[in-house]
Protein chains: 2
Amino acid sequence: MPRIPRSPASQGPVTLAMVARRAGVSPQTVSNALNSPDLLRPETLERVREAVDEMGYRPSRAAQTLRTRSSKLIGYGIQPSQPGTAAPIMDRFLHALSQAADEAGYRILLFASPPGEPALEGYEELLGQHEVDGFVLSGTARHDPRQAWLAKRGVPFVGFGRMWSGRPVGDWVDVDGASGTDAAVEHLVALGHRRIAFLGWPRGSDVGDDRAAGWQRAMRRHGLPTRARRAQSVDDIEAAHAAVEPLLDAGATAVVAASDTLAMGCYQALRERGAAPGRDIAVVGFDDSPAAALLSPALSSIEQPLEAVGRECLRLLLARMSDSGAPPERVLLAPSLVVRDSVPGTAPGPDGPAAG
Amino acid sequence: MPRIPRSPASQGPVTLAMVARRAGVSPQTVSNALNSPDLLRPETLERVREAVDEMGYRPSRAAQTLRTRSSKLIGYGIQPSQPGTAAPIMDRFLHALSQAADEAGYRILLFASPPGEPALEGYEELLGQHEVDGFVLSGTARHDPRQAWLAKRGVPFVGFGRMWSGRPVGDWVDVDGASGTDAAVEHLVALGHRRIAFLGWPRGSDVGDDRAAGWQRAMRRHGLPTRARRAQSVDDIEAAHAAVEPLLDAGATAVVAASDTLAMGCYQALRERGAAPGRDIAVVGFDDSPAAALLSPALSSIEQPLEAVGRECLRLLLARMSDSGAPPERVLLAPSLVVRDSVPGTAPGPDGPAAG
DNA sequence: TCTCAGCGTTAGATCGTTCCAAAGACATTA
DNA sequence: TAATGTCTTTGGAACGATCTAACGCTGAGA
């Protein structure tokens with residue numbers, strides 16, 4: 001009953017053998033009591049458990065790792081956040097991942113990944129010393145060498161971010177950007193909007209094209225034309241400001257942007273025209289950066305379900321570790337539209353429901 | 001010469017004993033070659049090193065940990081980022097910490113810390129299993145129980161964030177908020193401003209009072225009155241908007257805010273009056289959140305030197321681990337003012353250099 | 001009667017490394 | 001020659017857990 005009195009007399013840590021002596025059984029039986037309780041006779045089990053509780057015993061992970069060849073550690077190469085990016089997704093993701101790992105008896109081991117191209121060095125080092133049982137990758141790039149490298153060595157891994165090019169390798173979890181912009185269009189259409197523009201990144205970026213595709217398919221589904229409703233800009237507020245002008249000139253009543261940064265450029269352009277985001281023109285961003293909620297009017301944005309991504313990453317990784325031969329699993333999670341003041345609940349002003 | 005050919009024939013990992021056999025020495029000698037090279041005769045050392053390189057040997061961390069009772073791991077309880085906070089400092093800090101750790105032969109082990117009051121649970125678990133050699137704490141609160149708890153057990157730790165109350169315990173690294181606001185005032189004074197207001201958080205918050213103090217001392221140093229130049233608001237954009245009004249009414253030509261969120265409230269108030277941040281009134285935020293650079297005009301802000309904080313944390317922790325009896329060391333790092341459009345290089349408009 | 005599987009438990013070996021004490025080589029000194 | 005010392009190297013015992021192969025016993029099936 002007493003909670004961990006921390007074995008008063010003895011100085012060193014409590015070991016399996018000490019517990020065994022106390023319970024009057026062999027060390028192996030204590031081990032079994034913890035790892036395969038169904039092997040023991042109930043009364044023995046009870047006796048051992050009492051001794052474990054009384055002495056506050058905790059198995060030594062180092063010894064377990066040495067014997068079982070499994071560290072219960074998962075490696076994660078943390079990259080420096082590139083400045084200028086509005087959305088810091090890393091910390092939310094890492095917390096979720098860490099929590100999921102804790103619940104499964106695993107822990108996340110960080111190592112610093114240099115900026116730029118993902119290097120294999122850190123992965124090799126962690127593997128060489130048998131420090132980790134698997135990896136979680138993030139920031140997967142187009143010609144990312146990590147997947148193939150890990151797969152060749154038979155190391156379990158899961159990626160946050162799909163493999164866009166080449167033969168897909170391994171399991172991954174990603175956010176369905178298209179579904180997000182699709183949902184934004186749906187929402188705007190329901191409000192009466194029909195001239196819904198898309199402000200995206202230059203074509204050729206996988207993530208960007210994905211987000212554009214969602215807008216396009218939703219527009220098509222509703223029979224709305226997309227010609228002259230699409231513009232592109234690099235992820236910079238000034239550039240976005242300039243790029244959105246033609247869309248506004250063409251009479252768009254709503255703009256779906258591929259990022260919050262682009263949406264902010266949109267805000268700027270509207271202000272310059274004396275128009276107000278939310279009142280005159282609806283604006284939707286992407287990523288739900290902290291800044292979105294702080295803007296005025298607060299920016300509606302598409303939020304990535306990072307907690308779910310973290311949980312799913314861990315789930316897939318555990319599955320891969322328990323069965324390395326299973327077919328790869330891929331999970332695409334739908335982001336959710338966070339509606340704020342930049343998308344009013346009422347119908348748009350001048351001639352909203354007019355045909356495009 | 002060849003780089004890690006990954007011991008072609010053998011299947012399992014390369015062990016010390018295998019290297020020893022190859023080099024024609026005892027396992028202990030190989031161990032010495034790696035850990036105390038000066039004990040070996042140069043030619044023996046050379047022979048062993050060759051074998052190590054040829055076989056691509058890496059010592060098993062698990063075995064080392066078991067034997068030396070030092071895991072070379074540092075625990076960090078990652079807290080969920082509370083939504084609404086503009087500045088995500090965690091990921092920058094974590095990357096810096098991780099990098100510093102890597103360079104010192106340590107690694108960061110994450111565990112999920114529940115939101116709200118920091119719990120001891122996770123720390124106890126990691127310690128019980130002897131998984132970590134020490135801890136880095138962050139988000140230290142006023143009545144944070146962790147420092148005393150760890151100190152009592154003789155566990156090395158270092159805090160990111162000073163202990164504001166009670167008898168100070170242990171080493172810490174923190175950012176000198178006062179120095180930041182002081183520097184902001186200096187910069188504004190140099191531009192000709194004299195009516196410099198401070199928009200802070202309600203008194204009683206340690207961090208907030210610290211930032212206020214820097215403004216105050218700089219104002220005093222320049223003989224500028226502070227009466228009627230100070231307002232307070234909770235960290236919310238609307239509340240800040242309301243709170244800053246009296247300051248503007250009193251003719252302030254510049255506002256130093258205790259956070260970027262407060263600064264954004266200031267932007268809002270200025271816009272409502274038809275004034276422009278940067279052109280009419282200078283505004284300086286704090287924390288240099290990603291949003292700051294994206295605002296229009298871009299918000300000048302005081303940036304925390306998180307990379308340095310990470311490095312210093314690790315330095316202090318290593319020092320503590322190597323000498324547990326040394327007197328506690330505290331490091332206060334100066335943040336730096338990032339000047340953007342909200343603080344023009346020219347003198348302020350109407351009657352800037354007038355006496356307050 | 002004999003074999004055999006199942007029961008709960010255990011002894012002994014093992015994972016890969018480092019600590020400890022002592023052995024061997026060799027030169028120096030009494 | 002033997003004793004002393006220094007410099008390298010080594011064997012053996014940990015570290016604390018889990019794996020494997022049994023233990024002695026009972027009861028069922030042939």
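Protein chains get the first letters and strands the later ones, always in sequence-line order, with residue 1 at the start of each.
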In terms of the nearest nucleotide of DNA chain D, which residue is placed more toward the 5' end: A:P27 or B:G24?
B:G24
Calculate the interatomic distance between B:Y57 atom OH and C:dG16 atom P; express it in whole Å.
10 Å
Is B:T29 close enough to D:dT10 that one of its side-chain N or O atoms is under 4.0 Å from OP1 or OP2 there?
yes
Report which part of the nucleic acid A:R61 touches: base, sugar-phosphate, or nothing (heavy-atom distance under 4.0 Å, all strands).
nothing
How close or far is atom P of C:dG16 from atom CZ of B:R69, stated in whole angstroms?
20 Å
Between the protein and nucleotides 23-26 of chain D, which nitrogen or oxygen pairs are less than 3.5 angstrom apart?
none

With a 4.0 Å limit, can you tell me whether A:S31 has a side-chain N or O closer than that to the phosphate oxygens OP1/OP2 of D:dT18?
yes
Considering heavy-atom distances to DNA chain C, does A:V25 or B:N32 have its closest nucleotide positioned more toward the 5' end?
A:V25
Once you apply a heavy-atom cut-off of 4.0 Å, does A:N35 come out as touching a base, just sugar-phosphate, or nothing?
sugar-phosphate
Could you go through B:K72 and B:T65, starting from their C-alpha distance and side-chain angles, then the distance that decides it, and tell me whether this counts as side-chain contact (heavy atoms from CB on, under 4.5 Å)?
CA-CA 8 Å; B:K72 298 280 189 184; B:T65 300; over 6 Å; no
Under 4.0 Å: is that the gap between some side-chain N or O of B:T15 and OP1 or OP2 of C:dG16?
no
What closest approach, in Å, do A:L314 and A:A104 show between heavy atoms, and which atom pair accounts for it?
CD2-CB, 4.0 Å
Pull out every protein N or O sitting under 3.5 Å from an N or O of nucleotides 12-14 of chain C, one pair per line with the distance.
unit_1, atom_1, unit_2, atom_2, d
C:dT14, O2, A:R67, NH1, 2.8

For residues B:R92 and B:Q304, report the shortest heavy-atom separation together with the two atoms involved.
NH2-O, 3.1 Å
Mind running salt bridge (Lys or Arg N to Asp or Glu O under 4.0 Å) on B:E131 and A:R107 for me, showing each step along the way?
CA-CA 10 Å; B:E131 288 197 272; A:R107 311 217 104 108; 3.1 Å; yes
How many whole angstroms separate atom CD of B:E131 from atom C1' of D:dG16?
14 Å
Between B:L45 (CG) and D:dC7 (C1'), how many Å, whole number?
15 Å
Side-chain N,O (A:R41) to OP1/OP2 (C:dC7) below 4.0 Å:
no
To the nearest angstrom, how far is B:L34 atom CG from C:dT18 atom P?
7 Å
In whole angstroms, how far is the P atom of C:dC15 from the CE atom of B:M18?
11 Å
Under 4.0 angstrom, heavy atoms only, what part of the nucleic acid is B:T44 near: base, sugar-phosphate, or nothing?
sugar-phosphate
Ignoring hydrogens and geometry beyond distance, is a side-chain donor-acceptor pair present between A:S138 and A:Y76 at under 3.5 Å?
yes
Would you compute the distance between atom CZ of A:R69 and atom OG of B:S60 and round it to the nearest 0.5 angstrom?
8.0 Å
Could you give the CG-to-C1' distance, from A:L39 to C:dT10, as a whole number of Å?
13 Å
Is any side-chain heavy atom of B:L317 less than 4.5 Å from a side-chain heavy atom of B:D171?
no
How far apart are the C-alpha atoms of A:I74 and A:V132, what are their side-chain angles, what is the distance that settles it, and do they pass the side-chain contact (heavy atoms from CB on, under 4.5 Å) test?
CA-CA 5 Å; A:I74 293 163; A:V132 300; over 6 Å; no
Which part of the nucleic acid, if any, lies within reach of A:L16 when heavy atoms closer than 4.0 Å are counted: base, sugar-phosphate only, or nothing?
base
Can we say A:E312 and A:R315 salt-bridge, meaning some charged N sits less than 4.0 Å from an Asp/Glu carboxylate O?
yes
Which is true for A:T68 with a 4.0 Å heavy-atom rule: it touches a base, it touches only sugar-phosphate, or it touches nothing?
sugar-phosphate
Do you know the tightest heavy-atom contact between B:I78 and A:D91?
CD1-O, 4.2 Å
B:E46 has an atom CD; how far is it from atom C1' of D:dT8, in whole Å?
17 Å
Give a yes/no on whether any side-chain N or O of B:S60 is located under 4.0 angstrom from OP1 or OP2 of C:dG16.
no
